Amino acid sequence: MLNEISTLRTLIESQLSAISSPESLEQFRLAHLVKKGTLTALMERLRDVPKEDKPAVGKELNLLRVFAENEFAQLKSEYDTPKIQTQKLDVTLPGRRNKQGSVHPVMQTLDEILSVFCKMGFSVAESADLEDDYHNFEALNFAPDHPARDMQDTFFIKDERSDLLLRTHTSSVQIRLMQSQTPPFRSVMPGRVYRNEAISARSLAEFHQVEGLCIDTNVTFAELKGTIITFAKEMYGSGSKFRFRPSYFPFTEPSAEVDISCYLCNGKGCRICKYSGWLEICGCGMVHPTVLKNCKIDPEIYSGYAFGFGIERVTMLRTGIDDIRLLYENDVRVLEQF
Ligand code: PHE
């Protein structure tokens, strides 16, 4: 009898391991676990076992029955519950998100600059990066041998036309605007500019500027100051202080440079402002009468102001990035902060 039980165990074990569907599980049940199944048949024969062997045989048989029933119940519950609940998968976990791109910090600054000027009634004008000497220098009152040309080291284009260059500032767009339209003007002109400069923490050979130009009758320096201060307070906060320092540009007279109180030390002096308490933000001035004449605008009737500043510089002042190269190294650890 013990041998039979052991043979049946081997059979049951091998059948269990072969079960691969609810149908084969049902066949297993019909073969072993019902009234007419193998286990009950053996139970019935327990009667004929000699009295002294009964406990051992009965125990062995009982163990096999419990084993078969448990295995059956386990497999049945696996087939009955949906797979998703038995897999080790937490369906409530949030999915992994794809990283989303965002607008580059320099372009975010540009968008904001333009929206501030649009609120102040400025339109937006653009022109090409490739310029000629006339629009980049000559019409802006840089004489051919004018030493101020050295202020901006220029990339010249090797071409049949020897006067082509990459614009060194967006002031060339002023000329194109004044030549193609009649005053009054009130425009800002964003664009990429190029200078043959050594790349360092403070300067790149390719960067962005926004130029501003306002030409009308009776435009005064006071209006220029008001415009720049209103703009800068919107960008840097209303607590900032400003100063206008006399400066020189061939295309404006008088000319000035504008400084803002250092955002880091609040004017006390630190590494960023080189212990002066001030950071330069833009160049500006009243449009030189010669420039107006070059664009066929009568300086006796019209006057105006112009200003220009670097967008990377504004971005650095607002974000606290103190190395301009970080903006273009495409390190996501930097860029994803904005
Ligand atoms: N074009 C000048 C520069 O690049 C800035 C400027 C613009 C100054 C307009 C005065 C008026 O440095």
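All ligand and atom numbering here is 1-based and tracks the order in the structure. Since we're looking at a predicted model, the values are computed, not measured.
- Those atoms of ligand 1 with a heavy atom of Phe307 less than 4.0 angstrom away are 7 (C), 9 (C), 11 (C).
- A cation-pi arrangement is absent between Arg195 and Phe155 under the rule of less than 6.0 angstrom and at most 45 degrees off the ring axis.
- For the pair Ser255 (side chain) and Tyr248 (backbone), a donor-acceptor distance under 3.5 Å is absent.
- No donor-acceptor pair closer than 3.5 Å links the side chain of Arg325 to the backbone N or O of Ser203.
- Each of Val334, Thr315, Leu110 was compared with Pro105 under the side-chain contact (heavy atoms from CB on, under 4.5 Å) criterion, and only Thr315 meets it.
- Among Gly310, Gly283, Ala306, the residue whose heavy atom lies closest to atom 6 (C) of ligand 1 is Gly283.
- Close approach of ligand 1 to Phe251 (heavy-atom distance below 4.0 Å) involves ligand atoms 1 (N), 2 (C), 6 (C), 7 (C), 8 (C), 9 (C), 10 (C), 11 (C).
- Residue Gly308 has at least one heavy-atom neighbour below 4.0 Å for each of these atoms of ligand 1: 6 (C), 7 (C), 9 (C).
- Remark: ligand 1 atoms within the under-4.0 Å shell around heavy atoms of His169 are 1 (N), 4 (O).
- The residue from Glu211, Arg195, Glu257 that puts a heavy atom closest to atom 4 (O) of ligand 1 is Arg195.
- At a 4.0 Å heavy-atom cut-off, ligand 1 touches Ser171 through the side chain alone.
- If you number the atoms of ligand 1 from 1 as listed, the ones under 4.0 Å from a heavy atom of Gln209 come out as 3 (C), 4 (O).
- Looking at Ser303, its side chain does come within 3.5 Å of a backbone N or O of Val219 through a donor-acceptor pair.
- Taking the centre of each ring, Phe309 and His208 stay at or above the 6.0 Å mark.
- Near Cys284, the atoms of ligand 1 lying under 4.0 angstrom from a non-hydrogen atom of the residue are 8 (C), 10 (C), 11 (C).
- Relative orientation of the Phe122 and Phe117 rings is perpendicular, given thresholds of 30° and 60° on the angle between their planes.
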